[in-house]
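Proteins come first, then strands; the chains are lettered A, B, ... in the order of their sequence lines, and each starts at number 1.
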Amino acid sequence: MSKEITSRSEDYSQWYNDIVRKANLADHSAVRGCMVIKPYGFGIWENIKSVLDGMFKETGHVNAYFPLFIPKSFLSKEAEHVEGFAKECAVVTHHRLMNDPNGGGVVVDPSARLEEELIVRPTSETIIWNTYRDWIKSYRDLPLLINQWANVVRWEMRTRLFLRTAEFLWQEGHTAHASSEEAIQETLTILDLYAKFAEEYMAMPVIKGVKSANERFAGAVDTYTIEALMQDSKALQAGTSHFLGQNFAKAFDVKFLNENQKQELVWATSWGVSTRLMGGLIMTHSDDQGLVIPPRLAPTQVVIIPIPKPGPEIDEAADKIMAELKAMGISVKYDTDKKKRPGFKFAEYEMHGIPVRIGIGKRDLEQGMVEIARRDTKEKTQQPLDSAAKYIQQLLEDIQQNLFERAKKFRDDRITKVDDFDQFKEVLNTKGGFISAHWDGTTETEVKIKELTKATIRCIPLDNELEDGKCILTGQPSKQRVLFAKAY
RNA sequence: CGGGGUGUAGCGCAGCCCGGUUAGCGCAUCUGCUUUGGGAGCAGAGGGUCGCAGGUUCGAAUCCUGCCACCCCGACCA
């Protein structure tokens, strides 16, 4: 039991907050709902960014940057889109401050009111499609495959570090295509890319699916999602990829001349993942001792601790291992701080989720051995100094794999097939997790179920088997099961 | 936006009900000595506009009024 972290069984929300703060990931800021991402937390985010950015480039995308501010009139051009975001927009109304004539510091200068108010982007479809209109004239300009890394603001009532903050960091891809098929293909390509990233790098198993009409992105024809399951058995939407049809092309009049010299509306996609992934990462793997980071995303993968403190022989052994690990591309830190004792360091690095810890002491060295501990299972072994680096190279792979397998088993154990409403409520309130059940396909039923149970349809899995059945609420015929869950 | 809670040193808290020397305690920090294989011990030191603004009073962290911020639980959402 950790001295500083509330246990998950005691208070899951508090545990989450404790991890975020004690592992130096983020702090609350002076601004309501906004967080300060601390260097260690940002290091993990930088790794996430770097891997994803590489994957986007490999699939033909390029980065660009569009403005933070969006003219108010743009937002109202696509009816459903406005509807979806209007309630949570920050609005810039003035452009100047002045000294308070009554001596109360600075005040907004009433004479500096903007003629057209600016919206701080909650997402960039509108400003981007307004720009694309000028960029796209011919089929030769397509496809246009652009991504941007940016911050966005959604004025949330209730916020939680990483999971839902008023300002967050994300990437948003916005692509334009000559045909519907090609745009749908793009949407699915990105969904696969997100799933691959989540599973292979974050070690977070996800279910790919399509959203119900009720959960769809405002302005999309179809929203695809990757859904993960957290340790408290609540679902987390970890990434979305939208097929926008011609909705934004219509709203912003983006047309191209096709090969037959006819004007056509462009087909669009947009897709994004955000700093919310950090929340998913925490709640997938971490335990009551602190953070657990999968090796592929850990800013520092290995830490070496001299026991009890640095000295010539220990330094020499540490240098040897460090050189070997660095040559393998493994990041390693040697903690030579003499003020802190080994026991303190052990606890601290466990809190920070460093995947592998090496302890080197005189007693070990006399045998030519070092102690190697893994964060995921907390197992310790003695390994020969000479082969330690090689052992660790494999161990990091094992940890990455083990974290994924462990999370996948947890998730798979919490997908429950249910065929009537009483059972649905029973499972939801005891075991939680995903519930696979028949649904009649109407928004009305979905909303009703949400009102009654707080569970929502997370997705209709893409690899779903067709199966005749009856809706758990209405008894109407249904052709497939969908996944319900309580969600973040 | 509804319900609950909190604001006192970097962090965590006590003191407030019942106003009264110089506002305490633990952790952390600094100095020294002894320690060192799972969160060291002793001795000493530094660090505070008691969330903000008014008011009551001879006197306010404490009582009154207003405001602000944050956290938790709901409704809404990535």
Sticking with atom P, work out how far B/rU8 lies from B/rA53, rounded to a whole angstrom.
15 Å
salt_bridge(A/Glu80, A/Arg216) N-O dist < 4.0 Å
no
Select base, sugar-phosphate, or nothing to describe what A/Thr165 touches, counting heavy atoms under 4.0 Å on all strands.
base
Looking only at atom types and distance, does a side-chain atom of A/Asn429 sit under 3.5 Å from a main-chain N or O of A/Lys425, one as donor and one as acceptor?
yes
Nearest-Å distance for atom pair CZ/P, residues A/Phe344 and B/rG41
12 Å
Identity of whatever pairs with B/rC67 - Watson-Crick or G-U, under 3.5 angstrom:
B/rG51
May I have the distance from A/Tyr224 (atom OH) to B/rA78 (atom P), rounded to whole angstrom?
18 Å
Please compare A/Ala373 and A/Arg160 by the position of their nearest nucleotide in RNA chain B and report the one closer to 5'.
A/Ala373
In whole angstroms, the gap separating P of B/rU35 from NZ of A/Lys338 amounts to 17 Å
Euclidean distance, atom CZ of residue A/Phe346 to atom C1' of B/rG37 [Å, nearest integer]
7 Å
What's the CG-C1' distance between A/Asp18 and B/rC11, to the nearest Å?
12 Å
Distance check, P atoms only: B/rG12 and B/rG46, in whole angstrom units.
24 Å
With both distances kept under 3.5 Å, what pairs with B/rC13, Watson-Crick or G-U wobble?
B/rG24
Base, sugar-phosphate or nothing for A/Asn17? Non-hydrogen atoms, less than 4.0 Å.
sugar-phosphate
Partner of B/rC18 by Watson-Crick or G-U wobble geometry, both contacts under 3.5 Å, or none?
none
Roughly how many Å apart are B/rG39 and B/rA78, using the C1' atom of each and rounding to a whole number?
38 Å
Which value, in whole Å, describes the distance between the C1' atoms of nucleotides B/rG15 and B/rU21?
16 Å
Rounding to the closest angstrom, what is the interatomic distance between B/rU29 and B/rG47 at atom C1'?
9 Å
B/rA45 versus B/rC25 - spacing of their P atoms, nearest Å
12 Å
Run A/Tyr132 and A/Phe248 through side chain to side chain contact (heavy atoms under 4.5 Å, CB included) and show every step you take.
CA-CA 10 Å; A/Tyr132 281 3; A/Phe248 285 90; over 6 Å; no
Rounded off to whole Å, could you give me the CZ-to-P distance for the A/Arg21 and B/rC11 pair?
8 Å
For B/rG2, give the paired nucleotide (Watson-Crick: N1-N3 plus N6-O4 or O6-N4; G-U: N1-O2 and O6-N3; both under 3.5 Å), or none.
B/rC73
Can we call the ring centroids of A/Tyr194 and A/Phe197 under 6.0 Å apart?
no
At under 4.0 Å between heavy atoms, what does A/Glu172 touch on the DNA or RNA strands: base, sugar-phosphate, or nothing?
nothing
My understanding is that a pair needs two contacts under 3.5 Å, Watson-Crick or G-U wobble. By that rule, which nucleotide pairs with B/rA61?
none
Distance-only donor-acceptor test, A/Arg357 side-chain atoms vs B/rG38 base atoms, 3.5 Å:
yes
Assign A/Lys345 to base, sugar-phosphate, or nothing according to its heavy-atom contacts below 4.0 angstrom with the strands shown.
nothing
Side-chain touch A/Trp15/A/Gln231, heavy atoms, less than 4.5 angstrom
yes
Taking the side chain of A/Glu156 as its heavy atoms from C-beta onward, which of B/rC76, B/rG37, B/rU36 lies nearest to it?
B/rC76
Distance between P atoms of B/rU6 and B/rU62 (Å, rounded):
16 Å
If you assign A/Arg276 and A/Lys380 each to the RNA chain B nucleotide with the nearest heavy atom, which residue ends up on the more 5' nucleotide?
A/Lys380
So what's B/rA43 paired with, Watson-Crick or G-U wobble, going by both distances under 3.5 Å?
B/rU31
Any idea which of B/rA78, B/rC77, B/rG38 is nearest the A/Ser274 side chain?
B/rA78
Taking only the P atom of each, what is the distance from B/rG66 to B/rG3 in whole angstrom?
15 Å
Between A/Asp232 and A/Arg8, is the closest basic N to carboxylate O distance under 4.0 Å?
no
Which of the following nucleotides, B/rG37, B/rA78, B/rC71, is nearest to the side chain of A/Thr159?
B/rC71
Need one value for A/Phe217: base, sugar-phosphate or nothing, where a base atom within 4.0 Å counts as base even if backbone is also close, heavy atoms only.
nothing
So does A/Lys454 reach the base of B/rG74 with its side chain, donor to acceptor, closer than 3.5 Å?
no
Side-chain contact, heavy-atom cut-off 4.5 Å: A/Arg357 with A/Ile305?
yes
Report which part of the nucleic acid A/Leu163 touches: base, sugar-phosphate, or nothing (heavy-atom distance under 4.0 Å, all strands).
base
To the nearest Å, how far apart are A/Leu365 CG and B/rG37 P?
16 Å
For residues A/Trp271 and A/Phe56, establish whether the separation of their ring centroids is below 6.0 Å.
yes
Side chain of A/Lys309: nearest nucleotide among B/rG38, B/rU36, B/rA78?
B/rU36
Across the strands shown, which category fits A/Lys450 at heavy-atom distances under 4.0 angstrom: base, sugar-phosphate, nothing?
sugar-phosphate
Starting at CD of A/Glu366 and ending at C1' of B/rG37, how long is that distance when rounded to a whole Å?
13 Å
B/rG38 base / A/Glu350 side chain donor-acceptor hit below 3.5 Å:
yes
Counting only side-chain nitrogens and oxygens, does A/Arg341 get under 4.0 Å of the OP1 or OP2 atom of B/rA40?
yes
